[in-house]
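Order of the sequence lines sets the chain letters (A, B, ...), proteins ahead of strands, with each chain counted from 1.
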Protein chains: 2
Amino acid sequence: MSSEEKIQNDKRAHILDVAEYLFAQQGFEAVSIREISKAADINIAMVSYYFGSKEKLYEAVVTRKLISSELILHYIERYNCSTDKLFAIVDLLTDKFFEHRNMQTIIFREMAMEQRTAMAELIANQLHQNFTIINDVIQKGIKQKEFKKVDVELTVMTIIGIVKIYTTSSPVVCKVLKTEDKELMFSKQYKLRLKKYLKELLTNHLGIK
Amino acid sequence: MSSEEKIQNDKRAHILDVAEYLFAQQGFEAVSIREISKAADINIAMVSYYFGSKEKLYEAVVTRKLISSELILHYIERYNCSTDKLFAIVDLLTDKFFEHRNMQTIIFREMAMEQRTAMAELIANQLHQNFTIINDVIQKGIKQKEFKKVDVELTVMTIIGIVKIYTTSSPVVCKVLKTEDKELMFSKQYKLRLKKYLKELLTNHLGIK
DNA sequence: GTCTATATATGGATAGAC
DNA sequence: GTCTATCCATATATAGAC
């Protein structure tokens, strides 16, 4: 990569970062290109220049941080028993959601929409793949008597649901946790607390010894 | 109430119903007054006439269906042990969220926003009150050795989180449950399934005998 | 109460100069 | 690549007729 290409990529990435933040905070329609370009300290015309349109910018923001099912599969293949695999998934999901919580907020909002846009379809499929992996891990654990019998689909929903709620509803969760500080909520300490909680919950629920 | 007042209230309620549906589907900014009035089969000017502005219509949509903490308290006071109280809350929340899922979707989106509007504050406070009630029930159950020690705040978040995810992310949850039919997802049968699952999860997690 | 017409604002996108 | 100026579409809100 030449140094000029690098500068260009940096600028692109910078626009994406700013746009991600604003879209997460306010939603797609509520944010104007004017606002994004002002916050990113670039000219309005540059958004069209780099991305073509507001819609395509939005797509770029979401797609660059989707959690691929390959990543999950690669991450858990080193473990043998279902418990280790499941706990590894909990760690991975929590890490990724904490790291990409703005993008997750956007996805969440998009999931709640009933409009079948191309991107909504893309997101739904991607999420479904991830659901399927977790589903299979739990299913196998039950078959091998490592876990007791549970409602597998709703258990999968529980894992993802808790991490999602925690990371994407921060104003309310802040109050629940009795911390005024949003930074604290996303600190290492609190991430550990969430992981520990999830593993205890699953241990009890699945009857893991 | 005179019969004319009743007609007027019916019309108001009808506008609110239509607006709620559209706001839930697309978000506040994405829906125009034109669209609402067309869908509700009224004249555009009527929205301003009845509600003053689009913003105030939005507020009216949300506030009319907020779950008051009084309702929860009244609903659980008839029970003595913490387990019964907690299970009653599960039933009540599930029923209310199923019934008012469109409004819940709107609230959820608003919760993810970081903007401190008057309504966001109102919603956060209301939710916090409900959280507190559940928190107290679990806390008391632990003190009386009815439940084992758990992370109470995250347990509260779990209960509300699961019901919220289920009711407000239907496109994805549909896929997870392997039902193409959205109607089925909100049928009596599936509501019972969710309640049963939540009670089992809590039974295992809290060590209820 | 209901409607039409309109004032006014704002947003996305781009043509064309540099 | 960057910027200004502008076109065009669409939105909210309301004045005023009926």
Give a yes or no on whether a salt bridge exists between B/Lys191 and B/Glu99, defined as a side-chain N under 4.0 angstrom from a carboxylate O.
no
With a 3.5 Å cut-off and no angle check, do the side chains of A/Tyr58 and A/Ser53 form a donor-acceptor pair?
no
Are there more than 12 heavy atoms of other residues, nucleotides or ligands under 6.0 Å from atom OH of B/Tyr21?
no
For A/Thr83, which residues count as a side chain to side chain donor-acceptor pair (under 3.5 Å) partner, sequence neighbours excluded?
A/Glu146
I'd like to know if B/Asp17 pairs up with B/Arg64 as an ion pair, taking the criterion as any Lys NZ or Arg NE/NH1/NH2 lying under 4.0 Å from an Asp or Glu carboxylate oxygen.
yes
By nearest heavy atom, map A/Tyr49 and A/Asn43 onto DNA chain D; which one lands nearer the 5' end?
A/Tyr49
Can a donor-acceptor pair be found between the side chains of A/Glu114 and B/Ser170 at a distance below 3.5 Å?
yes
Just by modelled atom types, is the A/Met103 backbone N or O under 3.5 Å from a matching donor or acceptor in the A/Lys65 side chain?
no
Using whole Å, what does the distance between atom P of nucleotide C/dT10 and atom CD of A/Glu29 come to?
18 Å
Take atom CD1 of B/Ile42 and atom C1' of C/dT2, then tell me their distance rounded to the nearest Å.
11 Å
Does B/Tyr50 or A/Ser32 map to a spot on DNA chain C nearer the 5' end, using the closest nucleotide for each?
B/Tyr50
Aromatic ring proximity A/Phe97/A/Tyr166, centre distance under 6.0 Å:
no
Below 4.0 angstrom, which residues in residues 10-19 of chain B have at least one non-hydrogen atom near DNA chain C?
B/Lys11
Measure all distances between protein nitrogen or oxygen atoms and nitrogen or oxygen atoms of nucleotides 13-18 of chain C, and list the pairs falling under 3.5 Å.
residue, atom, partner, partner atom, Å
C/dA13, OP2, A/Lys54, N, 2.9

Here the distance between atom C1' of C/dT4 and atom CE of B/Met46, to the nearest Å, is 12 Å
